[in-house]
Amino acid sequence: MDVAHCYLEGNADAVEFCPHEGYQQVLAASTYTLQEGDQPSRAGSISLFDVNAEKGNLELFHRVDTAGIFDIKWSPVGGNMGLLLAQADADGYLRIYSLEGCSDEENAKGGFLNAVCGEKISSSMCLFLDWNPSATSISVGLSDGSVSIISLVESGIETLQEWKAHDFELWTTCFDLHQPQLVYTGSDDCKFCCWDMRDNPSKMVFQNSKVHKMGVCCIAKSPSDPNTVLTGSYDECLRVWDLRSISRPINETSVCLGGGVWRIKHHPSVSGLVLAACMHNGFAIVNIQGEKPEVVETYNQHGSLAYGADWQKEKLLPGGKTKNTVLATCSFYDRLLRIWMPKSDICCI
């Protein structure tokens, strides 16, 4: 069911609901717009919205202009660094903002992003970022095929490690939620890799170059099953991997989603349920449990490349129930941001 929509100032490529208690109504959306000409530039923005699906509200309350953004992520719940939003951009910068002036859900509209720190970590473009579970480090995928591990310190940010992980653009990187010394990477070279950061430079744990027929766009470790990780690829397949033999992961099952699988997001409370952004084929909710992944529902109300997708993190009601599941999705060239609720009751506890 459609709830609300709006158009952003630039090409929309990422949406992220804040996961922190009391701020789950805050949605961040980012843009990347190539401005062609004699001196081409890449411009971007981050917009903050107050989302109330029950009232049908999607209200912009803050926007900051930036370089062209490839990825944004809120810091995970449980970290010691406060409520932060990280940005990976086309100028090679990793920037960190704090959410200020937004004390509770009644006062979200007074909030704003305060720049905490920002460093040019590479002459290449920063394509993707992922926080470690304790919010003390960030892994960043770079357009030259390298991955950087960045540490947050009191004075700002510093590079702990950087190594050449792939031959082409490194589109995705992901910390292992259960073994955060491990980081996964995927690239346009069709390789899916795992690295152990206890060595410096990091030691390769495995490399799979035979399964993905095209570039690896996204990697998502299951928050509930330490032995499961998902990959998405330009070859239109979402794949489920068994990691029990970490040096030789097994591609257990896969499902074709009809478009390049650009993003995968696990449901915040329903185990085995994921939301996928499928580029030329809209968005899909997939149940990965059972013998074979099953598409539960599709959403095709966007008219352009499906890039950004996220679940709203729910508040538990008395009895352990939750409100209706709310999703945010965005598409690139038409600059469209949509808020909607799935029809399937599998999304509700």
Side-chain angles (χ1 to χ4, degrees), residues 1-19 23-33 43-66 68-74 85 102 105 108-109 111-113 257-265 267-268 273-286 295-315 322-344 347-348:
M1 181 182 77
D2 290 321
V3 174
H5 73 275
C6 71
Y7 292 91
L8 302 181
E9 296 292 321
N11 298 336
D13 61 1
V15 288
E16 293 283 326
F17 273 110
C18 184
Y23 302 90
Q24 292 101 324
Q25 79 283 4
V26 177
L27 174 71
S30 65
T31 66
Y32 169 96
T33 304
S45 64
I46 300 175
S47 298
L48 297 183
F49 293 88
D50 181 39
V51 177
N52 187 323
E54 291 183 329
K55 296 180 179 179
N57 288 348
L58 173 63
E59 187 170 347
L60 174 70
F61 66 86
H62 178 67
R63 189 169 81 93
V64 57
D65 292 325
T66 66
I69 294 175
F70 282 100
D71 196 23
I72 52 172
K73 293 276 177 26
W74 293 102
L85 182 69
C102 186
E105 60 182 295
K109 297 165 193 173
F112 62 94
L113 292 175
L257 298 181
V261 184
W262 183 252
R263 286 290 181 269
I264 301 169
K265 294 290 185 67
H267 191 286
L273 199 65
V274 300
L275 172 64
C278 306
M279 296 183 72
H280 293 284
N281 197 35
F283 299 86
I285 297 173
V286 184
V295 176
V296 175
E297 187 172 332
T298 59
Y299 184 77
N300 293 293
Q301 299 302 308
H302 289 265
S304 180
L305 287 172
Y307 271 168
D310 201 16
W311 310 86
Q312 188 173 31
K313 284 62 180 177
E314 302 131 317
K315 296 179 180 179
T322 65
K323 295 182 181 180
N324 290 330
T325 297
V326 178
L327 302 99
T329 51
C330 71
S331 43
F332 194 65
Y333 292 112
D334 59 1
R335 305 182 173 191
L336 180 58
L337 167 65
R338 286 189 175 274
I339 306 297
W340 55 283
M341 292 188 289
K343 300 172 185 176
S344 172
C347 300
C348 300

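Counting from 1, the numbers follow the sequence of the chain as shown.
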Using residues 57-65 as the side-chain source, report each donor-acceptor pair under 3.5 Å to any protein atom, sequence neighbours left out, with the distance given to one decimal.
unit_1, atom_1, unit_2, atom_2, d
E59, OE1, K109, NZ, 3.4
H62, NE2, L113, N, 3.2
R63, NH1, D65, OD1, 3.0

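- Scanning all heavy atoms of the two residues, the minimum distance from H302 to S331 falls at ND1-OG, 2.7 Å.
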Let me have the donor-acceptor pairs involving side chains of residues 4-18, under 3.5 Å, with sequence neighbours excluded, atom names and distances please.
unit_1, atom_1, unit_2, atom_2, d
N11, OD1, R335, NE, 3.2
D13, OD1, S30, OG, 2.9
E16, OE2, K265, NZ, 2.7

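- V51 places none of its side-chain heavy atoms less than 4.5 Å from the side chain of V3.
- Residues N281 and L257 approach most closely at ND2-O, 2.9 Å, considering heavy atoms.
- Atom CD of residue Q24 and atom CD of residue E314 lie 9.5 Å apart, to the nearest 0.5 angstrom.
- Residues meeting the ring pair (Phe, Tyr, Trp, His ring centres under 6.0 Å) test with F49, sequence neighbours left out: none.
- Partners of W311 under the ring pair (Phe, Tyr, Trp, His ring centres under 6.0 Å) rule, at least two apart in sequence or in another chain, are H267.
- With sequence neighbours left out, the side-chain hydrogen bond (donor to acceptor under 3.5 Å, both in side chains) criterion links D2 to Y299.
- When every heavy atom of P19 is checked against every heavy atom of W74, the shortest pair comes out as CD-CB, 3.5 Å.
- To the nearest 0.5 angstrom, T329 atom OG1 is 15.0 Å from Y307 atom OH.
- Between the side chain of E297 and the backbone N or O of K343, at least one donor-acceptor pair lies under 3.5 Å.
- Separation of atoms CG (L85) and CD1 (I72) is listed at 5.5 Å; rounding is to 0.5 Å.
- M1 contributes atom CE, which lies 11.5 Å from atom CH2 of W340 (distance to the nearest 0.5 angstrom).
- Between P342 and L327, the closest side-chain pair of non-hydrogen atoms falls below 4.5 Å.
- To the nearest 0.5 angstrom, L27 atom CG is 9.0 Å from C330 atom SG.
- The minimum heavy-atom distance between D71 and R263, with the atom names listed, is OD1-NH2, 4.0 Å.
- Residues satisfying the side-chain hydrogen bond (donor to acceptor under 3.5 Å, both in side chains) test with S45, not counting sequence neighbours, are T31.
- The structure places CG of L336 at 9.5 Å from CD of Q301, a figure rounded to the nearest 0.5 Å.
- Listed here is the closest heavy atom pair of I46 and A28: CG2-CB, 4.4 Å.
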